[in-house]
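As structure tokens, the structure follows; a few thoughts come after it.
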Number of protein chains: 2
Amino acid sequence: MEKTLNDACEETCSGSELDLAKIKGKLISSTAALEVADWFKALGDPTRVKIIHALQQSEMCVHDLTQVLEMGQSAVSHQLRLLRNVRMVKRRKVGKTVYYSLDDNHVEEIFGQTLQHLKHE
Amino acid sequence: MEKTLNDACEETCSGSELDLAKIKGKLISSTAALEVADWFKALGDPTRVKIIHALQQSEMCVHDLTQVLEMGQSAVSHQLRLLRNVRMVKRRKVGKTVYYSLDDNHVEEIFGQTLQHLKHE
DNA sequence: TTATTATATGAACATATATTCATATGTATA
DNA sequence: TATACATATGAATATATGTTCATATAATAA
């Protein structure tokens, strides 16, 4: 009798040791994985990392951010929108100017922990 | 005397309130921002989120991961390489099969905290 | 050696993403 | 009202990224 690829592998690499069905059942759902990924993705760009880091120091208007980051107003604005979409930052309007600040304590925690982590290795 | 764009804005949106030069001086460097971004970027894809989540349950060989994730071997292998590059996972070879496991306690912490965080909002 | 199995990897392709440009929107001021 | 200013946004473009396909590598067994 022919063995299928799966049968063969289950014998060798895991079959007897792991209950794949059980692990598969416990695995995070695709939609949840997407949500989590989108959240981390927001921190996965150097411009946005800088924005978060800057706003950790102080609330700032868009123009200030363009000065601090040395980037175009449009680019900064686009990234702020993305960060707003995942609720990492919020805005406060005063006349013509819009002040941005962090809107998620969790981000500050994670961010600080990760900075420390990456420094120490 | 003409006012430049900057002069004008400094008066209105921040000039008197924030010392931009000081904030700029404290801002994370571009290379550090890139490192941090790359680290978070590794968690910014649903497939890799699933891999991390699965390995949190148990060490597993590549073939097991393909079964649990219901994905092609090549795709899984490529993503594992990426996770290895940022040292989130490590491998252990036994004969033909390669067992992967988490290689970063920090990842587990961050990951768990974020799952909780996203569930609660 | 030859065949089989487990994993890795380069190339190709499709999709996603970041920045720029031009312009729109909203607000204050002359 | 007309003008200037601060920010937002759609379109375009270049680059990055994820998956697939074909194949390479490494280890084992026949």
Side-chain angles (χ1 to χ4, degrees), chain A residues 2-15 30 33-34 37-38 40-51 59-67 69-86 89-100, chain B residues 2-15 30 33-34 37-38 40-51 59-67 69-86 89-100:
Chain A
E2 290 274 333
K3 281 188 294 189
T4 69
L5 258 173
N6 282 353
D7 290 338
C9 184
E10 273 170 37
E11 284 173 24
T12 53
C13 82
S14 74
S30 288
L34 245 173
D38 280 341
F40 281 118
K41 202 181 293 181
L43 297 173
D45 171 83
T47 295
R48 292 191 293 269
V49 165
K50 284 184 179 181
I51 290 176
E59 179 190 60
M60 250 178 278
C61 71
V62 177
H63 180 267
D64 285 349
L65 279 169
T66 66
Q67 298 297 109
L69 302 193
E70 301 180 20
M71 289 185 56
Q73 178 268 320
S74 184
V76 172
S77 213
H78 279 296
Q79 298 305 343
L80 285 170
R81 182 158 64 128
L82 194 153
L83 290 172
R84 215 157 17 92
N85 286 341
V86 292
V89 306
K90 65 186 173 205
R91 53 179 174 180
R92 175 173 73 87
K93 218 169 172 181
V94 177
K96 284 177 290 192
T97 93
V98 178
Y99 293 93
Y100 278 85
Chain B
E2 290 275 332
K3 279 190 292 189
T4 70
L5 260 172
N6 281 354
D7 290 339
C9 184
E10 274 170 37
E11 284 172 25
T12 53
C13 81
S14 72
S30 287
L34 246 173
D38 281 341
F40 281 118
K41 201 181 295 180
L43 297 174
D45 171 81
T47 295
R48 292 190 293 268
V49 165
K50 285 183 179 181
I51 290 177
E59 179 191 59
M60 250 178 278
C61 71
V62 177
H63 181 267
D64 286 350
L65 280 169
T66 66
Q67 298 298 110
L69 303 192
E70 301 180 21
M71 290 185 56
Q73 177 268 319
S74 184
V76 172
S77 213
H78 278 297
Q79 299 304 344
L80 284 171
R81 182 158 64 127
L82 195 153
L83 290 172
R84 216 158 14 92
N85 286 341
V86 294
V89 305
K90 65 186 173 207
R91 55 177 172 180
R92 177 173 73 89
K93 221 170 170 179
V94 177
K96 283 178 290 193
T97 93
V98 177
Y99 292 93
Y100 278 85

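Each chain gets a letter, A, B and so on, in the order the sequences are listed, and its residues count up from 1. Keep in mind that the numbers below use all heavy atoms, side chains included, and drop hydrogens, waters and symmetry copies.
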* Asked: Which angle, to the nearest 10 degrees, lies between the helix axes at the two ends of the helix from C:dT1-D:dA30 to C:dA30-D:dT1, each defined by five pairs?
  -> 10°
* Does a side-chain heavy-atom distance below 4.5 Å link B:L82 with B:R48? -> yes
* Asked: On DNA chain C, nearest-nucleotide positions of B:R91 versus A:V76: which is more 5'?
  -> B:R91
* To do: State which residues pass side chain to side chain contact (heavy atoms under 4.5 Å, CB included) with B:R91; sequence neighbours excluded, sorted by chain then number.
  => B:R84, B:V98, B:Y100
* Which nucleotide in D:dT7, C:dG26, D:dT28 has an atom nearest any side-chain atom of B:K96 -> D:dT28
* Nearest nucleotide by nearest heavy atom, which residue falls closer to the 5' end of DNA chain C, B:V62 or A:V94? -> B:V62
* Please determine if a side-chain N or O atom of A:K41 lies less than 4.0 Å away from the OP1 or OP2 oxygen of D:dT17. => no
* To do: Apply side chain to side chain contact (heavy atoms under 4.5 Å, CB included) to B:K90 and list each qualifying residue two or more places apart in sequence or on a separate chain.
  => B:S101, B:D103
* **side-chain N/O B:Q79 vs D:dT19 OP1/OP2, d < 4.0 Å** => yes
* Structure fact -> Residues passing the side chain to side chain donor-acceptor pair (under 3.5 Å) test with A:R81, sequence neighbours excluded, are none
* **For A:A37, side chain to side chain contact (heavy atoms under 4.5 Å, CB included) partners two or more places apart** => B:P46, B:V49
* OP1 or OP2 of C:dA8 under 4.0 Å from side-chain N/O of B:Y100 -> yes
Can you give me the N/O atom pairs linking the protein to nucleotides 21-24 of chain D at distances under 3.5 Å, or say none if there are none?
from	atom 1	to	atom 2	distance (Å)
D:dC21	N4	B:S74	OG	2.5

* Can you list the residues that meet the side chain to side chain donor-acceptor pair (under 3.5 Å) rule with B:S30, with sequence neighbours excluded? -> A:K50
* OP1 or OP2 of D:dT7 sitting under 4.0 Å from any side-chain N/O of A:R81? -> no
* So which pairs with a foot in residues 70-80 of chain B pass salt bridge (Lys or Arg N to Asp or Glu O under 4.0 Å), sequence neighbours left out? -> A:K24-B:E70
* Would one find a side-chain N or O of A:T47 under 4.0 angstrom from OP1 or OP2 of C:dT19? -> yes
* With a 4.5 Å heavy-atom cut-off, do B:T97 and B:V62 have their side chains touching? -> no
